[in-house]
Amino acid sequence: MKVPESNRGAAEDRVTRTLERLSLAPSVEAVLEALLREAASSLAVSDVFMCWREDGSEAHVLVTPGLSVGAARARGERLLDGLRDIDGGLLPYVALDAEREVLVALPLLAGVEPGSGVGVLCAVLPEGRVPTDEELARLGLQARLAGLALEREWAVARARAEVEQAEVLRLSRLQAVTEAFGQTLTREEVAHVVLDLGLPAVEATAGIVHLTAEGRAASELVAAVGVPDALVEPLRELPRGGEELLAQTAKRAEAPVWLETVAAIRERYPTLAGPLGEGPPRALALLPLFVEGRVFGTLAFGFEREKAFSALERASLVGLSRQCGQALERARLYEREHTARLEAEALGARLSLLADASALVSGSLSWEETVAGVARLALGHFADGCAVDSYEDGVVRRLAVLHADPEKAERVLELTSFPLDAGQPSLLSRVLTSGQSRLETRGTRGPVDAKPGSSWRASTVILTPLVARQRTLGALTFVRDSERAPFDVTDVSLAEELARRAALAMDNARLFRDARAAEEESRRGAARLHVLVQVSQLIAEAGLDLPTVLDVLASKVSEALGGGCVLQLLGEDREQLEVVAAHHPDPLARGVLEEALRRDPARVGEGLSGRVVATGKTLFVPRLSAEELRGDRSPEGVGFLERYGPQSLIVVPLGARGRVLGTLGVIREARGREYTAEERALLESLAARAALAIEDARLYGAATQAVKARDELLSVAGHELKSPLNALQLQIHLLARMAKDAMAASGLAERAEKAARAGQRLGLLIDDLLDVSRISAGRLSLNREELDLAALTRELVSRMSEELARAGSEVRLVADVEVLGHWDKLRLEQVLVNLLSNAAKYGAGRPVTVQVEARGLVAALAVRDEGIGVAQEDQERIFERFERTESAQHFKGLGLGLWITKRIVEAHGGGIRVESQPGRGSTFTVELPLPDVAPR
C-alpha cells in the first residue's frame, strides 16, 4: 500500500494569512512607478527604465515619460543576457553607449529567491557625465526596493496558485475515491481503495479497516496504512467483548467517535498509550461501516497533529465511510453471485475435462502422447502444473513436466522432485508401490524480492498412480500454486478418474507398440543383412574421390541405422576434429546438428568424439541429454540436444593401418527407439570399411599431388638447367678454340668470365633445388652468430653491384645505423641475393632502393624496385613453390627464390610481405626479431 502524502492544512493556513496581509499593500505597478520617478529625480535625468523577467518569460519594461519602450526593451534584454557573476547573478554595469550617453544599470531582485526572476534598473546620463558613488548607492537602494516589490507580487501569485491547487487536489482525490469504489469487486479491494486513496483525500496519515465476516463474532484486520508495527498485531482481530480496543466504541454506539488530542486518545484507550509513545497519530476519527442497517466493521483514520475536526471535515469523513459501506455491500453481493457461478462452472469444467480425456485416449495409439495430452487437458482450470512419470522394471523415468505458464516449468520440477525421506522410500515410490493416491502440501522457495516471512510458498500436490490390469505403469502428479485454492477430496477423485483413463490407454498403446516393434525389428534385421554389401558396392562405385566417398558413407549409414550420421576427421594438426560429412533424414535437423558440432569442435581427448579418438574405443550412450554435456570442456552437440531432446548415440573410431583417422557417429531420438548392441556391431563393421576407403582415397590424392609436383619440378628444372649448361658448353668451346690463337689472348679473359657466370647460375639453380629438398624434409638448420644486418647489406650490395649495373638499375642504399642480432649469415646472404636478383630482374632498369633500420622490437630490411609490380591477387601466391605471376612468365627462373626466402625468414622467427601495384614497382619487407625476442 502507498503511504499517504503529508498534511497540507498548515501550509494552506500560512498561505491564506500571507494573502490577507499582502492584499492591504499597494499594487506592485504603483510601487515600481514611484521608484522610477524617485530614481529619475535623484539622478536629475529624464530617461530611466526597468526591465525584468519572471521564470524565463518575456521581458517586462517600465519607462519614464518620453522614453521609447522599444529602445528600452532592446537595451534591457541585452543587459539581462550580459555579464553575470559565478552564481549567475547580474553584475552592476556602467558603460558609454552610442558614444553619446552613459548607461548605468543595477540588478533588481537582490533579496529574491533564486530562480524566481531577474531584472535591471537603468538610467541614461548625458554625454560625459559619470555617476558619483553616492548616486550609485541611491540607485542601488531603489533597485533593491524594486526587487522586494516584485518578490512580494510573485509571492502573492504563488500563494494564490498553491491554495487553488490544494483545493483542486482535495476535490480530485475525493472524486478518485468515488470512481475507484465503482470498480471494486471484493471487500479487500474496497478496504485498500479507502486507505490508498481516502487517506490523502482527508489528509490523514494512518488508517485501519476492520470487517466482520458472515457467521463470525470477531472483526478481522483487512488493511492498514501508516500504523506502527507495535499496533498491527494487537489489532489483528477484535472480539466483540473487547471494549478496551479502539473499534468497539464506534461499533456499539453506531456513531462516529472524534478524538482530537493525544490526551483524549489515552483517556479512552489506555492500552494504546504504550504502542503510540510520542509518535503519530495525535488525533483519531472512528467511523462505523453499515450494511443494511447493521454495523459490520470500523473505519479508523489517524492524523499526525492534534486538531479540532470542523463540520466540513466531519461531513467529509462520514460521507467517505458511507460510500465505503455501500461499496462493501455491492462487493458482498458480487462475491455471493461469483461463488455460485464458479461452483457451476467448476462442475461443468470437470465433466468437460473427463469427456475430453475420454476422446483423447480413445483416438490415440501412442501412450506417451496420450498421457501427456491428458496432462495438458488438466492445465489451467484443474491444475497449474503437471508431471508425468513412467514406471517399468523398477525404473522411474520422467516423461514430461508441464505448466500453464512455460516460464514456471522449473517450479513444477521442484515440486515434483521426491528425494528419499531420511533413508525411507520417497513419496513417489510409496505411491507407485501402494497404488494409492496422495494429497500433499509442499513448499518452494519464493522470489528474491519476496517480503520478509514469505520466502516459502505452499502449493498442493496430488500424486495419482497410473494402474491398468493390476499393474502400475507410472504416475500423474498435479500441482496447484499457492495463489489458488488448494486441492480437496473432490479434486483427488477427479485426478484418479483422469489417471484411470490415461492408464488404460497407456496399456493398450504399449501392447500395440510392442507388436509393431517386433514386426519392425524383423524387417530391419532382414534389411541390415544387405547393408554391408551395399556400402561396399557404393564405395567401389565412388572410386577414389574423397568427397564422394565421404558423402556416400554418411548418407548410407544414416539410411541403414535410422537417424543422423556424422563423419569427423582429424585435421592437419592431428589435434582437432573437423566435420567433413553429415546427413539426417530431416534437412532442418541436419543443419542444427552441423552447426552444433562446428560451434564446439572436439579435440583429441576432449568431448565425445575426442575421447573416442584418444582411446580408439567405441562410445555407446543409449540415452544422452543436454544436461550431461553442459559441464564438459567441449560440449559437443549440446545445441542439438537442447532443441531435439535426449538422443541415443554411437561413436566408433575410424582406424586404418594402425592409426585413427577420425570418428563415425550416429544419433537418433532416444524416446523413439534406443540403439542396440546389434546396431553397434553393424556400425563398427561399417567403420572398418569406411576407414580403409578414406585412407585409400587420401593416399591416392596425396600420390596424385606428389606426382603432379614432381612432374612440374622436373619439367621446369630441366628447362632452366639446360640454358646455362648450353651457354657454359659454348663458352668452353670458344675458349678452347681461342687458346690456339695466341693473337686472341686478350679475348680469352672475357670468354672465361662468361663461362664463370654461366657456371655460377647453374650452381645457384642447383642450390635452390637442394634447399627445396632440405625444407620439405624439415632439415633446414641455422648457424646463428652476432651479426650487423646493415653491414651485411652493404657488403652484398657492393658484391652484386656489377650484376645490378648490367641490369641498368642504380642502387640507393640506406643502411648507416648498426642493427645487431643473432642470425645465420649465409642464410641472410641468400635472402639478400634473392631479393636483389628479383629487383634487378623485374625492376625494368629503374633505380632500386635498399633500406635497413630497427623498428621497435624488429629489424626491418626493405628492397624496393620500380618495375612491373605484382597484382593484388598474386601477392600471396608468389611465395609458394613454383609460383610466378602472369607478367613474369617470360623471365627465367624456377619460381623457388621467394618460397625459399620466406622459409629462411620464418625459421629466424620473422616474416616477409610485399606491397605492390602493377606497373608501379614492388617493395619486399623482411622483419627479423631483435635479440630480446629472438627464438632460442
### Inter- and intrachain pairs under ring pair (Phe, Tyr, Trp, His ring centres under 6.0 Å), touching residues 579-620, at least two apart
none
### Task
Scan for ring pair (Phe, Tyr, Trp, His ring centres under 6.0 Å) pairs involving residues 621-668, sequence neighbours excluded, and state none if there are none.
Phe640-Tyr644
What I'd like to find out is whether the side chain of [X] reaches to under 4.5 Å of the side chain of [Y], using heavy atoms alone.
X      : Y      : result
Val431 : Gln436 : no
Ile694 : Leu550 : yes
Arg438 : Arg430 : yes
Leu588 : Arg643 : yes
Val566 : Leu593 : yes
Thr663 : Pro653 : no
Leu682 : Leu561 : yes
Leu654 : Leu569 : yes

### Query
What's the verdict on side-chain contact (heavy atoms from CB on, under 4.5 Å) for Leu428 and Val396, showing C-alpha distance, side-chain angles and the deciding distance?
CA-CA 9 Å; Leu428 178 59; Val396 178; 4.0 Å; yes
### Query
Does the side-chain contact (heavy atoms from CB on, under 4.5 Å) test come out yes or no for Leu577 and Arg603, once each step is laid out?
CA-CA 6 Å; Leu577 286 165; Arg603 299 181 64 84; over 6 Å; no
## Note on the structure
Contacts of Tyr675 meeting ring pair (Phe, Tyr, Trp, His ring centres under 6.0 Å) (sequence neighbours excluded), chain-then-number -> none
### Summary
Sorted by chain and residue number, the ring pair (Phe, Tyr, Trp, His ring centres under 6.0 Å) partners of Tyr391 (sequence neighbours excluded) come out as none
Could you state the interatomic distance from [atom1] ([X]) to [atom2] ([Y]), rounded to the nearest 0.5 Å?
X      : Y      : atom1 : atom2 : result
Ile650 : Leu619 : CD1   : CG    : 9.5 Å
Leu686 : Glu684 : CG    : CD    : 10.0 Å
Glu496 : Asp491 : CD    : CG    : 11.5 Å
Leu664 : Leu567 : CG    : CG    : 5.0 Å
Cys386 : Leu476 : SG    : CG    : 5.0 Å
Ser459 : Asp384 : OG    : CG    : 8.0 Å

### Query
Does the side chain of Thr460 pick up a donor-acceptor pair with the side chain of Glu440 at under 3.5 Å?
no
### Pair Ser558, Ser555: side-chain N/O donor-acceptor within cut-off below 3.5 Å
no
Smallest separation among heavy atoms of [X] and [Y], with atom names:
X      : Y      : answer
Glu642 : Ala626 : CG-CB, 3.6 Å
Ile462 : Ala495 : CG2-CB, 3.9 Å
Thr676 : Glu679 : N-OE1, 2.9 Å
Ala582 : Glu594 : CB-CG, 3.6 Å
Ala602 : Glu606 : CB-O, 3.8 Å
Arg623 : Arg397 : NH1-NH1, 3.8 Å

Can you sort out the partners of [X] under side-chain contact (heavy atoms from CB on, under 4.5 Å), two or more places apart, ordered by chain and number?
X      : result
Pro635 : Asp600, Val638
Glu595 : Arg599
Glu578 : none

Counterpart residues, side-chain hydrogen bond (donor to acceptor under 3.5 Å, both in side chains), relative to [X] (two or more places apart):
X      : value
Ser609 : Gln568, Glu636
Arg590 : none
Gln647 : none
Ser648 : none

### Task
Before giving the answer on side-chain contact (heavy atoms from CB on, under 4.5 Å), spell out for Trp899 and Ile878 the whole-Å C-alpha distance, their side-chain angles and the decisive distance to 0.1 Å.
CA-CA 8 Å; Trp899 182 77; Ile878 61 174; over 6 Å; no
### Query
Quick one: does Asp481's side chain have a donor or acceptor within less than 3.5 Å of a partner on Glu483's backbone?
no
### Query
With a cut-off of 6.0 Å (strictly less than), are more than 12 heavy atoms of other residues, nucleotides or ligands near CD of Glu628?
yes
### Task
Could you list the residues that satisfy salt bridge (Lys or Arg N to Asp or Glu O under 4.0 Å) with Arg471, not counting sequence neighbours?
none
#### Entry: Intermediate values then yes/no, salt bridge (Lys or Arg N to Asp or Glu O under 4.0 Å), Glu876 and Arg913
CA-CA 9 Å; Glu876 291 293 332; Arg913 65 178 185 277; over 6 Å; no
